[in-house]
Amino acid sequence: MGVDYDTIVEEFEWNIPESYTVTSTVADHAASFGDRVAVHFLSDDGHREERTYADLRDGMNQFANGLEELGVGKGDRTMHLLPRHPDTFVIQLGALATGSLLVPCSSMLRAKDIEFRANDCNATTIVVHESLTDMVEPVLEETPLERVIVLEGDEDALDDDRWTTFQSVMDGQSTDYDGPDLAAEDPMSINYTSGTTGQPKPVLHKHRWQYCFNQINAPYWWGVDEDTDLEEELLWATTGTGWAKWFWSPIGVGLTTGATQLIYDGDFEPETFLQILEDEGVTKLCAVPTQYRMFANADLDDYDVQLNDTLSAGEPLNREPIERIQDAWGVTPRDGYGQTETVALVTNYPGIDVKTGSMGKPTPGVGATIIEVDEEEEVETGEIGEIAVPVDSPAIFDGYYEKPELDEQKLSGEYYRTGDLASQDEDGYFFFEGRADDIIISSGYRIGPFEVEDALVSHDAVAEAAAVDSPHDERGSVVKTYVILAEGYEGSDDLKVELQEFMKEETAPYKYPRRIEFVDELPKTSSGKIRRVELRQQEQEKHS
Ligand code: ATP
Ligand code: MG
């Protein structure tokens with residue numbers, strides 16, 4: 001980045017082309033460099049496939065024609081339940097090209113989750129991989145779904161009229177598609193939030209969302225801008241197809257910039273992933289903190305990687321993996337922050353002097369700031385407040401799908417409030433404090449769970465920890481931590497005392513956990529986020 005970042009932020013101007021859509025962008029890429037590989041697919045059984053930009057365009061058009069023939073059109077809701085697959089993009093782009101609203105579902109969801117989503121957004125079509133049909137069939141009658149398209153399905157095995165296969169939808173269709181005119185301000189997708197704090201919420205996005213990723217996430221997080229030689233890069237975002245992160249990175253950065261990306265279908269195993277980084281020559285990796293933490297426990301020096309960027313998002317990134325990866329590979333994991341409702345709001349942009357524990361600085365054009373929890377005033381430097389974005393920022397969502405009460409609650413003021421707390425230091429760096437709901441107030445002190453957990457996991461005995469507020473007669477509440485021990489350690493009262501003493505050294509003593517419980521697992525969302533809300537409930541029940 002030649003120009004200094006503050007100047008970029010100051011001079012940034014939005015110039016969103018009225019007709020922008022990701023589908024037309026992919027068609028443009030196909031016209032300019034159709035033989036460039038868009039998807040470099042690899043699965044855990046060694047299967048490889050490639051899709052060029054021309055393949056994506058042709059497949060998208062065929063699938064759109066097929067969907068249209070089935071009666072899918074503008075404004076309909078089309079769900080998908082897909083693993084990472086060479087045809088995932090074709091399915092997503094084809095559905096978008098018809099003007100239907102895409103409703104991505106994580107392949108980890110269960111039948112009741114599909115039932116909830118299909119009813120909540122009144123979906124009429126679902127595309128499901130053959131291996132996941134058990135998540136649809138038992139609840140189909142309870143939903144408005146009219147048709148089910150099975151990827152890798154066997155037509156002869158389907159006896160109900162509602163069921164068909166991806167292949168038969170594609171067969172005989174033209175690779176030209178004359179669909180509806182779509183524009184940046186047309187609705188594009190309904191992305192459900194992770195459900196960390198409650199019921200998942202249906203976030204409505206317009207096509208503009210993808211343009212914002214191209215303008216913000218690509219240059220100011222992934223380090224992909226007009227000076228990047230895309231022929232030299234291989235991007236890998238490890239996310240699943242149903243999460244907002246899939247739209248942030250594989251689509252929002254990979255497809256919108258015309259990059260080549262790796263899609264790997266296989267479970268996370270640190271050694272396997274590290275070997276893939278080396279073997280495939282990945283240059284930019286985007287993973288989640290749990291994955292970086294597990295990498296940090298492996299022998300990183302054994303892997304000869306070509307990474308020039310490592311990105312992290314979704315949860316706070318601890319100090320330990322940042323330092324380990326820096327030491328081993330000379331590349332600094334750069335955290336970025338945002339939500340299903342937004343683009344990247346705060347990032348450690350390329351070239352920033354990373355301060356460990358900070359999620360970076362506000363991205364250009366977006367306007368993220370920190371305001372008082374009860375008012376719309378910006379807080380002073382160093383004070384904790386809620387991360388907020390002006391409601392008229394193009395980088396946020398278009399409301400929750402048919403949820404006027406939620407919209408009223410979240411979007412009726414001057415700011416969209418994220419529900420996340422942070423403070424800013426004198427250099428403008430943001431420090432995440434936790435979700436407003438997760439903050440622990442003990443003897444009048446406000447304690448963010450992350451700082452407790454971060455300190456605790458730096459003890460050798462601790463593999464993972466979750467801190468919550470636990471009711472206490474005198475103090476109102478105290479810090480309680482649930483701890484998963486590292487291999488080779490056993491829980492005991494002595495170990496509790498040792499951890500408490502350790503914490504008094506590591507953090508301000510009022511933050512030390514007065515209550516500790518050793519557990520084998522923590523309640524998590526299917527995307528792997530700790531559901532502190534459940535632990536809090538347990539504490540309420542135990543101590544009230
Ligand atoms: P729900 O809204 O249903 O409770 P969710 O908020 O977890 O679920 P997502 O939109 O997937 O759903 O996650 C966004 C949240 O993840 C943010 O609001 C924030 O709490 C957390 N988050 C994302 N990136 C970071 C980061 N870099 N550091 C800390 N927290 C992060
Ligand atoms: Mg949320």
Side-chain angles (χ1 to χ4, degrees), residues 104-106 108-109 113 116-117 120 189-205 209 217 221 237 239-240 242-249 286-293 310-319 321-322 333-349 354-363 368 370 386-389 396-397 400-401 403 406 409-411 416-423 429-439 448-451 453-454 523-534 536:
C105 297
S106 161
M108 301 171 88
L109 296 185
D113 307 314
F116 165 75
R117 284 163 175 73
D120 188 62
S189 59
I190 299 170
N191 300 79
Y192 281 85
T193 60
S194 301
T196 311
T197 51
Q199 194 73 275
K201 302 180 284 281
V203 177
L204 181 63
H205 278 289
W209 195 33
N217 288 37
W221 191 35
T239 180
W243 302 116
K245 267 190 94 190
W246 183 268
F247 287 72
W248 273 52
S249 298
C286 183
V288 290
T290 320
Q291 295 174 330
Y292 283 113
R293 282 195 284 272
T310 41
L311 297 323
S312 174
E315 282 190 291
L317 184 63
N318 313 74
R319 283 169 290 174
I322 298 185
R334 290 187 288 107
D335 189 17
Y337 159 86
Q339 303 187 307
T340 305
E341 288 90 338
T342 69
V343 300
L345 302 178
V346 179
T347 64
N348 282 289
Y349 56 82
V354 170
K355 290 193 189 183
T356 43
S358 166
M359 53 200 205
K361 295 191 184 186
T363 45
I370 303 173
E386 187 167 356
I387 303 176
V389 185
I396 65 167
F397 66 130
Y400 295 101
Y401 185 72
K403 297 274 181 290
L406 258 184
Q409 199 183 321
K410 288 290 206 169
L411 295 162
Y416 160 63
R417 289 174 172 274
T418 60
D420 292 314
L421 301 183
S423 62
Y429 284 77
F430 276 44
F431 289 81
F432 184 75
E433 291 289 334
R435 291 167 186 262
D437 294 347
D438 288 344
I439 291 293
F450 175 61
E451 42 188 347
E453 295 160 8
D454 188 46
K524 290 187 174 171
T525 63
S526 48
S527 58
K529 296 188 195 199
I530 301 173
R531 295 197 79 228
R532 293 185 189 79
V533 59
E534 282 182 37
R536 229 174 7 248

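First listed ligand is number 1; within each ligand, the first listed atom is number 1.
Side chain of Trp209 to main chain of Ile396: no donor-acceptor pair is present (N/O by atom type, distance under 3.5 Å, no hydrogens or angles). Thr525 places no side-chain N or O within 3.5 Å of a backbone atom of Thr196 that could act as its donor or acceptor partner. No donor-acceptor pair under 3.5 Å is formed between the side chain of Asp335 and the backbone N or O of Gly360.
Using a 4.0 Å heavy-atom criterion, the residues that approach ligand 1 are Thr193, Ser194, Gly195, Thr196, Thr197, Lys201, Gly314, Glu315, Pro316, Asp335, Gly336, Tyr337, Gly338, Gln339, Thr340, Asp420, Phe432, Arg435, Lys529.
The side chain to side chain donor-acceptor pair (under 3.5 Å) test applied to Lys355 returns Asp425, Asp427, not counting sequence neighbours.
When each of Asp437, Asp438, Ile439 is tested with Leu421 by the rule side chain to side chain contact (heavy atoms under 4.5 Å, CB included), just one qualifies, namely Ile439.
Donor-acceptor pairing under 3.5 Å is recorded for the side chains of Asp120 and Tyr192.
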